[in-house]
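Since this is a predicted model, take the numbers as computed values, not measurements. Atoms within a ligand are numbered from 1 in the order they appear, just like the ligands themselves.
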Amino acid sequence: MNQTVLLKLVADGHGNVATRLSASAGISRQAASARVSAAVRAGLLVRQGVGRGVRYALAETHRFEQHFERAGLSEDRVWRSLCAPVVADLPSNVRDIWQYGLTEMINNAVDHSGAAVVRVGIVRNALFTQAWVADDGEGIFLKIAKALDLYDPRESMLELAKGKLTTDPANHSGDGIFFSSKVFDLFDIRSGALHFMHDEGLDDVLIERPKDAPGTLVLMRLSNQSTRTTKEIFNKFAAPDEFTFAKTIVPVRLAQHEGEKLVARSQAKRLTMRFERFKSVMLDFDGVEEIGQAFADEVFRVFQNAHPETRLEPVNMSPAVKDMVSRAKSLVL
Ligand SMILES: Nc1ncnc2c1ncn2[C@@H]1O[C@H](COP(=O)(O)OP(=O)(O)OP(=O)(O)O)[C@@H](O)[C@H]1O
Ligand SMILES: [Mg+2]
């Protein structure tokens, strides 16, 4: 039995570790305790508390954190000096993902936040590495809402999820967040009271930050043994035989504000905004129970007729959604 079983068990919960190990590995309680002690001695786990209250956590094997003045900061230098050494012995695909994600997010803070200071941190344990980039600037959701004249900063999340969103088209293309959010195991942006792709798995104590802090915080996590590659993620969203960003997947539920139904043409127009920049848009209806006739008509007939070169592909439809979509599609010219 290798140590991964034990380490994963600790990542899932900090208490009753020896008991849980003995059950899941089919070994005696004594043998399980011995393994736990060996992992502590090896510096992979830390023990907290005593007796029945004893708990274990994955030990941090590396931690770096630093503040930088934003003005004049170059992302590749931060990567090389602070972050690259932490992941230097990991597989090359994992190092490439960290280099991509960290340089993209640091570049975002430098180019878009207007903040005075940028903080970058990275921590590693035996299973995974986590990193964050935080600034005290304008705040990503507010910035996007202002630039796109959105009514509610929550609508910024829908726009970010679509991809190809940039508020500075002369210097940027809107790739960074879209691809970073897909290449990591966990990816979370916090700004104001909003979370983009929040995942409970991300460690809330990783960085202390009041809930209403100004600016933007991006958190990323990746398994140290991940087999994912940046290339496979780029290819997934490229047209066949092309290397350009041509396809996207849009979670339709992001167009639905709490307690609302998707019925209006104006909601549909917000959903389809910028779809014409893609050759193919997969509409993921997960979490959407039903849609109204005018909404469906606007997306699947009006938009489709106006932009026949963009293929719309609805997936995860409930029977009610499917009915509405079929009806609208049957009227397409
Ligand atoms: N730290 C930040 N503070 C404020 N706004 C941000 C921040 N990071 C990103 N943004 C906003 O989010 C948009 C999307 O970011 P993203 O990295 O996806 O694209 P981009 O930086 O514009 O283009 P690219 O990454 O391809 O160079 C940016 O154009 C900017 O408006
Ligand atoms: Mg960017």
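- Protein heavy atom in closest approach to atom 18 (O) of ligand 1: Ile177 N, 2.9 Å.
- The closest approach between Lys143 and ligand 1 falls below 4.0 Å for a heavy atom of the residue.
- Ligand 1 places these atoms under 4.0 Å from at least one heavy atom of Leu165: 13 (C), 14 (C), 19 (O), 22 (O).
- At a heavy-atom distance under 4.0 Å, only side-chain atoms of Ile144, from C-beta outward, approach ligand 1.
- No chain of hydrophobic side-chain contacts below 4.5 Å, direct or via other Ile, Leu, Val, Met, Phe, Trp or Tyr residues, connects Val263 to Ile291.
- Looking only at protein heavy atoms, the nearest one to atom 8 (N) of ligand 1 is Asn108 CB, 3.3 Å.
- Using a 4.5 Å heavy-atom cutoff, the side chains of Leu127 and Ser223 are not in contact.
- The single protein non-hydrogen atom nearest to atom 27 (O) of ligand 1 is His172 ND1, 2.6 Å, given as residue, atom name and distance.
- Of all protein heavy atoms, the one lying nearest to atom 23 (O) of ligand 1 is Gly174 N, 2.8 Å.
- If you check which protein heavy atom lies closest to atom 11 (C) of ligand 1, you get Ile140 CG1, 3.7 Å.
- From the protein, the heavy atom lying nearest to atom 29 (O) of ligand 1 is Thr167 N, 3.0 Å.
- The closest donor-acceptor contact from the side chain of Asn16 to the backbone of Thr19 lies at 3.5 Å or more, if one exists at all.
- Side-chain contact between Glu290 and Met324: absent, with no pair of heavy atoms (C-beta onward) separated by less than 4.5 Å.
- Residue, atom and distance of the protein heavy atom nearest to atom 25 (O) of ligand 1 are Gly176 N, 3.1 Å.
- Cluster annotation: Ile144 and Leu142 are assigned to distinct hydrophobic clusters (Ile/Leu/Val/Met/Phe/Trp/Tyr, side-chain heavy-atom contacts under 4.5 Å, transitive).
- Looking at Lys164, Glu138, His112 and measuring to atom 20 (P) of ligand 1, the nearest heavy atom belongs to His112.
- For a distance bound of 2.8 Å, the N, O or S atoms of Asn108 include one lying that close to the Mg ion (ligand 2).
- Below 4.0 Å from some heavy atom of Ser113 lie the following atoms of ligand 1, by number and element: 1 (N), 3 (N), 4 (C).
- Taking the six-membered ring for Trp and the full ring otherwise, the centers of Phe178 and Phe237 sit less than 6.0 Å from each other.
- Per-residue contacts place Glu104 under 4.0 angstrom from the following atoms of ligand 1 (heavy atoms of the residue considered): 25 (O).
- Salt bridge status for Asp185 with Arg228: present, with a side-chain N to carboxylate O gap under 4.0 Å.
- The shortest N/O to N/O separation between Thr166 and ligand 1 falls below 3.5 Å.
- Side-chain atoms of Lys279 do not come within 3.5 Å of backbone N or O of Ala238 as any donor-acceptor pair.
- Annotation: Glu69, atom CD; neighbour count of heavy atoms from other residues, nucleotides and ligands within 6.0 Å does not exceed 12.
- At the shortest separation from atom 1 (N) of ligand 1 among protein heavy atoms lies Asp135 OD2, 2.9 Å.
- Proximity of the aromatic rings of Phe234 and Tyr100 is defined here by a centroid distance below 6.0 angstrom, and this criterion is met.
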